Number of protein chains: 2
Amino acid sequence: MSPRKSVAEAMGTRAAILDRSVAVASKEGLEGLTIGRLAAELGMSKSGVLGHFGSKEALQLAALGRAGEVFRAEVWEPVVAVAPGLPRLRALCAAWVSYLERQVFPGGCFFVAAAHEFDGRPGAVRDAVESLFDAWRARLLKEIGRAVAAGELPESTDQAGLAFELTGLAMALNHAIQLHRDPEAAACARRAFAARLGDPAKAGGDHP
Amino acid sequence: MSPRKSVAEAMGTRAAILDRSVAVASKEGLEGLTIGRLAAELGMSKSGVLGHFGSKEALQLAALGRAGEVFRAEVWEPVVAVAPGLPRLRALCAAWVSYLERQVFPGGCFFVAAAHEFDGRPGAVRDAVESLFDAWRARLLKEIGRAVAAGELPESTDQAGLAFELTGLAMALNHAIQLHRDPEAAACARRAFAARLGDPAKAGGDHP
DNA sequence: CCTACCGATCGGTAGG
DNA sequence: CCTACCGATCGGTAGG
């Protein structure tokens, strides 16, 4: 309606733009996220959209940041009540599988898609994607380290190797869901995580 | 030079377009592969490029087919001399890691990138990508089945689950190379494959 | 295989 | 936050 909006209204508009950006980019990629399309979907002008960010790259970075907030809320935060070490590591992986299974981002894991799109293009977006993955890897390694220190995982555990394997399982799951639409993929992934971290629902130790 | 070329010359031109297309698409994606850019790099006109394929989608499909030929030559074919079953499965995985490590496609695994780019977009390209993955999965499962039948892997092996895990390791390796430029990633992946399939260089059985 | 062209859309700016 | 506009580029076609 009015061309000048209050700060609160502008913040709301900005948040609406970002939420839509994350949804579109998860399906079409951060490059397929065009200002014109976004403006049309939001019933705004292109310059109205762009005015909040300044450039397409700034919009991409803001969308990436918003997606990171969603991931933290979906995967990092639900486990804070779980005991540190192996129980929390298992909870983290369970939340990770659930995040992929529920397709929190309609086009699948936002970050894996962004990594593939930008890994060959130097720039701020690529750097931001890499930082998000570094932070997640550090989160996994922290809990793996605690589990080893507590004797819940063998002293001989290759900690970086374990983080590598867990990441691979999540990537294979995302792929099976998005490309193959395989409804059994999540169950398959849960079995694989359980084989690697021990299955609390089964008797026996944490390693097969 | 001459506007009309012989069939052999036209085939050579077509092959040159495809090789360039595969290289560009592995870095920029199949959608970032634009007719204009391709034409400029090849010193041709846009219509000269497009005339060989008819449409951008047909060019994308042809590039995907060419990439599939390269993958088969790099990963499927080198193992034909290895004994079927577990030895050949190990050789297949070794060739797979080597293909990723050597960056046969300059932008990383062509198919994983294409899968992420097209998994949310119905169409012929998406279907072709899915078929390529189905064929590769079937190739892995065939050799896993032989290894189980020969008693080289336990009778209780979850064969689909094993193929899922191996795929995940390859994806994690591709990601570590392309996004993180991690020079130790290939060694990490080889350890993980060996832990799963047994390491012929070490004493002991094939399962830890 | 070329030139010349089409309408559509891209990111972004000027000015209000 | 808008209208009106910019040059560049997109996939594709006509005609040769």
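For clarity, every value in this text was computed on a predicted model and none was experimentally measured.
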Looking at dC2(D), dG12(C), dG11(D), which one has an atom nearest to any side-chain atom of I35(B)? dG11(D)

Given atom NE2 of H52(B) and atom P of dG12(D), what is their separation to the nearest angstrom? 16 Å

Expressed as a whole number of angstroms, how long is the span from E57(A):CD to dC10(C):P? 19 Å

Counting side-chain heavy atoms from CB outward, which of dC10(D), dC2(D), dG12(C) is closest to S45(A)? dC2(D)

Is it true that R126(A) and E117(A) make a salt bridge, defined as a side-chain N closer than 4.0 Å to a carboxylate O? no

Determine the stems involving DNA chain D; a stem requires 3 or more consecutive pairs of the Watson-Crick or G-U wobble kind, each with both distances below 3.5 Å, and the answer is none if no such run exists. C:1-16 with D:1-16

Whole-Å distance separating the CZ atom of F53(A) from the P atom of dT13(C): 16 Å

Think T13(A) has a side-chain N or O under 4.0 angstrom from the OP1 or OP2 of dC1(D)? yes

Rounded distance in Å - CZ (R37(A)) to C1' (dG11(C)): 17 Å

Would you confirm whether the ring centroid of F71(B) sits within less than 6.0 angstrom of the ring centroid of W136(B)? yes

Heavy-atom check, side chain of H175(B) versus side chain of V112(A), under 4.5 Å: no

Considering just the side-chain nitrogens and oxygens of T34(B), establish if one lies under 4.0 Å of OP1 or OP2 belonging to dC10(D). yes

Can a cation-pi geometry be assigned to R196(B) and F193(B), taking NZ or CZ under 6.0 Å from the six-membered ring centre and within 45° of the ring axis? no

Quick check on DNA chain D: between K46(B) and I17(A), whose nearest nucleotide comes earlier from the 5' end? I17(A)

Return the value, rounded to whole Å, for the distance between atom NZ of K56(A) and atom P of dA8(D). 19 Å

Test item: D119(B) side-chain N/O and Q178(A) main-chain N/O as donor-acceptor pair under 3.5 Å: no

Whole-Å distance, L33(B) CG to dT9(D) P, equals 17 Å

Atom CG of L38(A) and atom P of dG12(C) are separated, to the nearest Å, by 13 Å

Using the six-membered ring of W76(B), assess whether NZ or CZ of R72(B) lies under 6.0 Å from its centre and within 45 degrees of the ring axis. yes

Winner on side-chain proximity to S47(B), out of dC1(C), dC2(C), dC10(D), is dC2(C)

Among the nucleotides dC1(C), dG12(C), dT13(D), whichever has the atom closest to the side chain of L50(A) is dG12(C)

Between atom CG in L42(A) and atom C1' in dC1(D), what is the gap in whole Å? 13 Å

